[in-house]
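The structure appears right after this line, and notes come after that.
Reminder, nothing fancy here: chain letters follow the sequence lines and each chain counts from 1.
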Protein chains: 2
Amino acid sequence: MSSTKERILVIARELFARQGYTGTTIADIAGELGTTTAALYYHFDSKADILRGLLEQPMAVYLRILEGLREARPAAEELLGAFVDLAVESRELSVIIDRDPTILAMIDEQLPTSSEDLTKEVIIALAGPDADHAAVVRAHAAFGVVKHATLAAMAHAGPPQNGPRDGLDPADRVEILAAALRALADPGPARGQP
Amino acid sequence: MSSTKERILVIARELFARQGYTGTTIADIAGELGTTTAALYYHFDSKADILRGLLEQPMAVYLRILEGLREARPAAEELLGAFVDLAVESRELSVIIDRDPTILAMIDEQLPTSSEDLTKEVIIALAGPDADHAAVVRAHAAFGVVKHATLAAMAHAGPPQNGPRDGLDPADRVEILAAALRALADPGPARGQP
DNA sequence: GTCTATACCCGGATAGAC
DNA sequence: GTCTATCCGGGTATAGAC
């Protein structure tokens, strides 16, 4: 069940999350695996190839969310919820992906559209097509809530020996989603000076 | 006014923001500067030394915010506003600092307290000392709004040739702060089922 | 204050035996 | 499928002349 290839992926995910992609060496992975670096190259063509193996799944999920967004125009709550779940599923990866330029470039390189444009699509979906600048800012705010708070909530609940409970507490999910929606909400014109 | 040392810092800040710290080589900086790598070492002892020079100011600001937080217990709005301003002042740096483990380690290494503990202090200040778990999650949400939306708002307004206007649109600052406060607000018990 | 030249190391990757 | 041995490139940093 746990082929060597899968063990490598597990180890790499952990190390990448802890030390970053560039900060992790093939030797680190091999050491953790209990072999030499040469053995790794039997299973993967390159270091980047390992990263690709790690990114495959979450990237597919992400693209599927985008797709559904073009067809169905889901409600903001649904869309934000999908991103919370994505962040949960691939939480170690979120940490790496987010702002490592090396990885961003790699992703862009094997993506139909630039990741920047994809993000823009999400923002537009959240803010609405006829959104003014302020609405766009609020959409980014809501997105920020989802990304940041989800990781934070898991960091609190996860690491300690809470047994098999590993993901996000459902109550936290509700809390995060509510906060994101409040951030997104248009407060309307200033109250008191009509 | 623009000594070579200062020019190096400007160049480094730009390149670090664009390519990351580890992704930028001394040769990159020297090339942009118009000299050889050896010349750099007349002005700085090491690559890390350049980063330190860049981090000095914003780190001092950050620590000062923390200090004021221990003495005065500022309102959430004031505290969040201070972080918006910090993000604006050091926006290129925020991108690097945030999730490059190399840099996080370097910062921790020359900080009185671990940066993790410092963040915890901020969260407690936002959530209140008697906060329950949900309030902590909301505090992280508000923090996420500030960090994410501020960078996003500047990315929109900055790069195009908007002339000398370089920072954050005051209207955006208001919008971001309001969104963060909404995210932070306790919605109270569910409405409708008393 | 900047140059040329170079030392040195480390990380990714390969060759070929077992 | 893993080993030993090794290559190669690139990146930091230094020595010493100018």
May I ask you to decide whether B:Arg18 forms a salt bridge with B:Glu14, counting only side-chain N to carboxylate O separations under 4.0 Å?
yes
Qualifying residue, where the test is side chain to side chain contact (heavy atoms under 4.5 Å, CB included) with A:Leu80 and the options are A:Leu126, A:Asp85, A:Ile176:
A:Leu126
Contact residues, residues 21-48 of chain B to DNA chain D [heavy atom, < 4.0 Å]:
B:Thr24, B:Thr25, B:Ile26, B:Thr37, B:Ala38, B:Tyr41, B:Ser46, B:Lys47
Give the angle between the helix axes at the two ends of the helix from C:dG1-D:dC18 to C:dC18-D:dG1, taking five base pairs at each end and rounding to 10°.
0°
May I ask you to establish whether B:Lys5 and B:Phe44 are in a cation-pi arrangement, using a distance under 6.0 Å from NZ or CZ to the six-membered ring centre and at most 45° from the ring axis?
yes
Covered region of DNA chain C, 5' end to 3' end, by chain A [heavy atoms, under 4.0 Å]:
C:dG11 to C:dA15
Could you pull out all residues at least two apart from B:Asp28 that satisfy salt bridge (Lys or Arg N to Asp or Glu O under 4.0 Å)?
none
Counting N and O atoms only, with roles assigned by atom type, does the side chain of A:Thr24 sit under 3.5 Å from a partner on the main chain of A:Leu15, one being a donor and the other an acceptor?
yes
Between A:His133 and B:Asp169, do the side chains contain an N or O donor and an N or O acceptor separated by less than 3.5 Å?
no
Between A:Arg52 (side chain only) and A:Met106 (backbone N and O only), is there a donor and an acceptor less than 3.5 Å apart?
no
Pairs meeting criterion salt bridge (charged side-chain N to carboxylate O under 4.0 Å, His left out) with involvement of residues 60-77 of chain B, two or more places apart:
B:Arg70-B:Glu121
Not counting sequence neighbours, list each pair that qualifies as a side-chain hydrogen bond (donor to acceptor under 3.5 Å, both in side chains) and has a residue in residues 102-111 of chain A.
A:Asp100-A:Thr102, A:Asp108-A:Ser115
Do any N or O atoms from the side chain of A:Tyr62 and from the backbone of A:Leu86 form a donor-acceptor pair under 3.5 angstrom?
no
